[in-house]
Amino acid sequence: MDKQAEFVLRTIEERDIRFVRLWFTDVLGTLKSVAVAPAELEGAFAEGIGFDGSAIEGFTRVYESDMLAKPDPSTFAILPWRSEGPGVARLFCDIQMPDGSPSYADPRFVLKRTLTKAADLGFTFYTHPEVEFYLFKGQPNGGEVPTPVDTYGYFDNTPHGMAHDFRRQAITMLESMGISVEFSHHEGGPGQQEIDLRYADALTTADNLMTFRLVVQEVALEQGAFASFMPKPLVDQPGSGMHTHLSLFEGDRNAFFEAGAEYQLSKVARSFIAGLLVHAPELTAVTNQWVNSYKRLAGGGEAPAWICWGHNNRSALIRVPMYKPLKGNSTRVEFRSLDSAANPYLAFAVLLAAGLKGIEEGYELPLGSEDDVWALTASERRALGMSPLPTSLNQAIIAMEKSELVAETLGEHVFEFFLRNKQAEWEDYRRQVTQWELQRYLPSL
């Protein structure tokens, strides 16, 4: 047994932890959990815990259902919202087949496989997400428009609202679990919040995001509200995205930084951005995986709908933030279409794969845009060489179906299941008669 596993077992005994929750996600990014007694954990570290994979979205077919959840001791954390009664801890798991080989259906493995490819090229991939979400009163009711907890806006101080206390409690919980928070503030919509996680390697960030969503939802419930990461819950208010900063490091050196270059961007950085731009349409079904995602992208403002990049341009798909003269290691690119509700393991994997493809093939970066993209006409955008992102889940599916890059990155099993699931979601959506249609057509047709 390795030292990390020994440390976990010792901590569980010293802290009187009575339940250990083993976490993993299905292909769509839904968090799954099984609780084991501490006495079972040593065996779980050695051999894994068996479960029926055919009952999990996208994992296996019935005739090959036996799978193992093997906890990763480096992800051990005590759950801070279980303050009363016996202590509870959690560990993320890697999913394996009965022979101990990795499961190709495991989103965590999809990301680890792509990170290994980057490592073979000498790179470590870091991400820094800015997570937006809404707080609503009461409990969710799918048939009604939710009511935000306040009417404040961007950066507003909210002394009489619950958002202030909510963010403080959520951040305290996250940091008690070893998840560092960089910023938090009220976002532009009523009840809308943003909490930014600190830079970390992409696997750690993806694990942290799954923890983040649960912590936020737990704290909201404690305060008599509910949190939603739905991309566009309110028609006339901003959607919730997850602008994510990306960078590659070679050891301690930022591979995106080149002193004296335009915007201090190295050739590696420029080719990485070009890879994201070239492959953006085929990645979009993964980075924006829900029917509702495209309501956000169509909403204007800071939600990108056209494929372009720009220096400090918040209307572009990819923004290169302002360079800090004394901080070469802070050079990065910001990918702005990503949803807060995406599966972070798959999303980070396809973003990295697209960037690496740009580097390996030597893609040339086109001219950047300094214009407000939303203020331009469609013909002006096309004249500047911009093409649109998919405008619906159906368009995104069609682009993904043709993508060798996404098929190779996700692997055949995940690629085919994901497409089938999204096609079924689109077909189900197409059959719906919406409130908008009833209000518009019923009186006059």
Side-chain angles (χ1 to χ4, degrees), residues 2-5 7-8 23-25 29 31 70-77 90-95 102 106-131 174-175 177-183 195-215 242-257 266 268-269 272-273 275-276 283 286-287 321 327-335 338 340 342-359 409-410:
D2 66 22
K3 290 183 178 179
Q4 281 184 319
F7 168 78
V8 170
W23 287 0
F24 58 95
T25 76
L31 187 65
K70 193 167 186 181
D72 179 347
S74 69
T75 65
F76 175 78
R90 74 95 161 97
L91 290 151
F92 280 97
C93 294
D94 293 308
I95 306 304
D106 179 12
R108 203 167 187 262
F109 176 66
V110 170
L111 177 55
K112 290 174 80 169
R113 185 174 58 206
T114 315
L115 293 172
T116 298
K117 181 179 179 181
D120 290 342
L121 296 171
F123 299 122
T124 306
F125 183 46
Y126 287 89
T127 58
H128 156 61
E130 303 173 354
V131 193
L174 288 166
E175 293 193 332
M177 297 180 73
I179 299 172
S180 297
V181 171
E182 189 169 55
F183 299 114
I195 299 177
D196 302 356
L197 303 185
R198 281 196 182 278
Y199 252 101
D201 67 275
L203 182 63
T204 298
T205 304
D207 288 343
N208 287 349
L209 282 168
M210 296 309 302
T211 306
F212 176 98
R213 290 178 190 167
L214 188 60
V215 167
M242 187 168 70
H243 305 153
T244 300
H245 299 249
L246 315 172
S247 60
L248 293 177
F249 273 68
E250 295 175 303
D252 294 330
R253 188 184 72 82
N254 187 341
F256 281 4
F257 173 70
S266 67
V268 164
F272 189 94
I273 297 170
L276 292 174
L283 313 180
V286 179
T287 58
K327 289 188 174 181
N329 275 355
S330 71
T331 302
R332 62 202 185 278
V333 302
E334 180 186 11
F335 192 83
L338 188 55
S340 300
N343 182 334
Y345 300 101
L346 300 186
F348 290 165
V350 296
L351 290 173
L352 174 58
L356 292 178
K357 184 76 169 178
I359 293 169
T409 303
L410 298 185

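Only this structure's heavy atoms are used, side chains among them; waters, hydrogens and symmetry mates stay out.
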Test log, rule side chain to side chain contact (heavy atoms under 4.5 Å, CB included), inputs Tyr345 and Asp207
CA-CA 8 Å; Tyr345 300 101; Asp207 288 343; 2.5 Å; yes

Side chain to side chain contact (heavy atoms under 4.5 Å, CB included) between Arg90 and Thr211: does it pass, once the steps are laid out?
CA-CA 10 Å; Arg90 74 95 161 97; Thr211 306; 2.9 Å; yes

Report the C-alpha distance between Thr25 and Arg108 in whole Å, list the side-chain angles of each, state the deciding distance to 0.1 Å, and finish with yes or no for side chain to side chain contact (heavy atoms under 4.5 Å, CB included).
CA-CA 8 Å; Thr25 76; Arg108 203 167 187 262; over 6 Å; no

Are Leu209 and Phe348 close enough, and set up right, to give a side chain to side chain contact (heavy atoms under 4.5 Å, CB included), and what steps lead you there?
CA-CA 12 Å; Leu209 282 168; Phe348 290 165; 3.9 Å; yes

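Scanning both residues, Ala206 and Leu111, for their nearest heavy atoms gives CB-CD2, 4.1 Å. Between Thr331 and Ser247, the shortest heavy-atom contact is O-CB, 3.9 Å. When all heavy atoms of Phe335 and Leu276 are compared, the pair lying nearest together is CD1-CD1, 4.2 Å. Val350 approaches Val286 most closely through the heavy-atom pair CG2-CG1, 4.0 Å. Closest of all the heavy-atom pairs between Ser266 and Ala255 is OG-O, 2.5 Å. The shortest heavy-atom contact between Leu115 and Ala202 is CD2-CB, 4.1 Å.
In this structure, the side chains of Asp72 and Leu91 stay at 4.5 Å or more apart for every pair of heavy atoms. Side chains of Asp196 and Val131 form no contact here, defined as non-hydrogen atoms less than 4.5 Å apart. At least one side-chain heavy atom of Glu175 sits less than 4.5 Å from a side-chain heavy atom of Val181. At least one side-chain heavy atom of Leu248 sits under 4.5 Å from a side-chain heavy atom of Phe125. Between Val333 and His245 there is no side-chain heavy-atom pair separated by less than 4.5 Å. Between Lys70 and Cys93 the shortest side-chain heavy-atom distance does not fall below 4.5 Å.
The salt bridge (Lys or Arg N to Asp or Glu O under 4.0 Å) search around Glu130 returns none, not counting sequence neighbours. For Tyr199, the ring pair (Phe, Tyr, Trp, His ring centres under 6.0 Å) partners are His128, not counting sequence neighbours. In this structure, the ring pair (Phe, Tyr, Trp, His ring centres under 6.0 Å) partners of Phe92, at least two apart in sequence or on a different chain, are Trp23. A search for ring pair (Phe, Tyr, Trp, His ring centres under 6.0 Å) contacts involving His243 returns nothing, not counting sequence neighbours. Residues meeting the salt bridge (Lys or Arg N to Asp or Glu O under 4.0 Å) test with Glu250, sequence neighbours left out: Arg253.
One finds the CG atom of Leu197 at 9.0 Å from the OG atom of Ser180 (value rounded to the nearest 0.5 Å). Residue Asn208 holds its CG atom at 4.0 Å from CD1 of Ile179, rounded to the nearest 0.5 Å. Interatomic distance, Phe76 CZ to Met177 CE, rounded to the nearest 0.5 Å: 9.5 Å. For the atom pair CG of Asp106 and CZ of Arg113, the computed distance is 10.0 Å after rounding to the nearest 0.5 Å. Here CZ of Phe212 is found 9.5 Å from CE of Met242. Values are rounded to the nearest 0.5 Å. Put simply, OG1 on Thr127 and CG on Leu352 are 10.0 Å apart, with the number rounded to the nearest 0.5 Å.
Sorted by first and then second residue, the salt bridge (Lys or Arg N to Asp or Glu O under 4.0 Å) pairs involving residues 345-354 (not counting sequence neighbours) form an empty list.
A donor-acceptor pair under 3.5 Å links the side-chain atoms of Thr205 to the main chain of Asp201, judged by distance alone.
Ring centers of Phe249 and Phe123: at least 6.0 Å apart, outside the cut-off.
In Asp120, the CG atom is crowded: over 12 heavy atoms of neighbouring residues, nucleotides or ligands sit closer than 6.0 Å.
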